[in-house]
Amino acid sequence: QVHLVESGGGSVQAGGSLRLSCAASGYTYSSVCMGWFRQAPGREREGVAVVYIGDGATYYTDSVKGRFTLSQDKATNTLYLQMNSLKPEDTGMYYCAARRICNNVQRTQVGPNLYQLWGQGTQVTVSS
């Protein structure tokens, strides 16, 4: 059974940093897209950053470009999201997700309904 388990959330002040981890088990991901989504209270879930595992191509939503960075450890099937210069508007529940059938072009399609596998989420709170 496939599992995605997030960790690394927490509370920081504006300008601080956090590193989220997503450990995937139960399968070996290769030609899939994996990404991070977030959901703030009262708001829809939005795609933050996605990587196409096949070639490492990434996508970032405009609000996090230059601040957030994806990386992956293929040996341990772990996806990381380094978040720097955090802002209060980055606050929310962050979810790791995987899209089984994906390619380099489709990595820019970040509709949550396109992703089949989800972790339980990790809370990120940024105070001003």
Side-chain angles (χ1 to χ4, degrees):
Q1 191 170 359
V2 178
H3 289 285
L4 300 176
V5 179
E6 303 98 332
S7 61
S11 298
V12 296
Q13 290 191 326
S17 298
L18 286 172
R19 188 192 194 201
L20 304 183
S21 300
C22 173
S25 62
Y27 77 105
T28 300
Y29 59 38
S30 56
S31 296
V32 301
C33 287
M34 291 193 70
W36 289 94
F37 293 73
R38 66 186 178 192
Q39 188 165 19
R43 301 190 65 177
E44 294 185 352
R45 191 171 298 188
E46 64 167 340
V48 174
V50 172
V51 58
Y52 171 53
I53 301 299
D55 64 6
T58 56
Y59 161 88
Y60 297 94
T61 194
D62 286 344
S63 63
V64 307
K65 285 180 181 176
R67 301 188 297 122
F68 290 12
T69 304
L70 283 166
S71 62
Q72 52 181 312
D73 184 341
K74 291 187 176 182
T76 60
N77 280 0
T78 302
L79 180 69
Y80 300 99
L81 182 66
Q82 178 67 43
M83 305 186 296
N84 298 328
S85 302
L86 283 162
K87 304 176 180 179
E89 50 264 43
D90 293 317
T91 294
M93 186 69 79
Y94 281 68
Y95 298 91
C96 177
R99 179 180 177 180
R100 292 192 186 97
I101 301 174
C102 194
N103 57 39
N104 181 294
V105 173
Q106 291 170 329
R107 66 185 160 86
T108 64
Q109 300 167 354
V110 291
N113 60 308
L114 298 173
Y115 283 71
Q116 295 85 27
L117 302 173
W118 292 87
Q120 81 288 352
T122 185
Q123 179 67 35
V124 171
T125 303
V126 184
S127 57
S128 58

Are T78 and T76 linked by a side-chain donor-acceptor pair shorter than 3.5 Å?
-> yes
Does any donor atom in the side chain of N104 or Q106 lie under 3.5 Å from an acceptor atom in the other side chain?
->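 Short answer, no.
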Could you tell me whether the side chain of Y59 reaches within less than 4.5 Å of the side chain of V110, counting heavy atoms only?
->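 A side-chain contact exists here, since the closest heavy-atom pair is under 4.5 Å.
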Find out if a path of hydrophobic residues (ILVMFWY) with successive side-chain heavy-atom gaps under 4.5 Å connects [X] to [Y].
X: V51; Y: V64; value: yes
X: V12; Y: L81; value: yes
X: F37; Y: Y80; value: no
X: I53; Y: V50; value: no
X: W36; Y: M34; value: yes

Looking only at heavy atoms, which two atoms of [X] and [Y] are closest? And how far apart?
X: G35; Y: Y115; result: N-CE2, 4.3 Å
X: Q72; Y: K74; result: OE1-CE, 3.5 Å
X: P88; Y: S127; result: CG-C, 4.4 Å
X: S85; Y: R67; result: O-NH1, 2.9 Å
X: W118; Y: P112; result: CZ2-O, 3.3 Å
X: C102; Y: Y52; result: O-CE1, 3.5 Å

[Y] backbone acceptor or donor facing [X] side chain under 3.5 Å:
X: Q116; Y: L114; result: yes
X: T125; Y: T91; result: no
X: R107; Y: T58; result: yes
X: E6; Y: L20; result: no
X: Q123; Y: Y94; result: no

CA sep, side-chain torsions, deciding dist, call: L86, F68, side chain to side chain contact (heavy atoms under 4.5 Å, CB included) = CA-CA 9 Å; L86 283 162; F68 290 12; 3.8 Å; yes
Which is it for L18 and V124 under the side chain to side chain contact (heavy atoms under 4.5 Å, CB included) test, yes or no, and what are the steps along the way?
-> CA-CA 8 Å; L18 286 172; V124 171; 3.9 Å; yes
Give, for atom SG of C22 and atom CG of D73, the distance between the pair rounded to the nearest 0.5 Å.
-> 12.5 Å
Please round to the nearest 0.5 Å and tell me the distance separating atom CG of N113 and atom CD of Q109.
->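 Interatomic distance, N113 CG to Q109 CD, rounded to 0.5 Å: 10.0 Å.
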Is D90 salt-bridged to K87, cutoff N-O under 4.0 Å?
-> no
Y95: which of Q120, R45, R38 passes side-chain contact (heavy atoms from CB on, under 4.5 Å) |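 In the set Q120, R45, R38, the residue that makes a side-chain contact (heavy atoms from CB on, under 4.5 Å) with Y95 is R45.
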Could you walk me through whether L70 and L79 pass the side chain to side chain contact (heavy atoms under 4.5 Å, CB included) check?
-> CA-CA 7 Å; L70 283 166; L79 180 69; 4.1 Å; yes
Can you check side chain to side chain contact (heavy atoms under 4.5 Å, CB included) on Q82 and S17, steps first, answer last?
-> CA-CA 7 Å; Q82 178 67 43; S17 298; 3.9 Å; yes
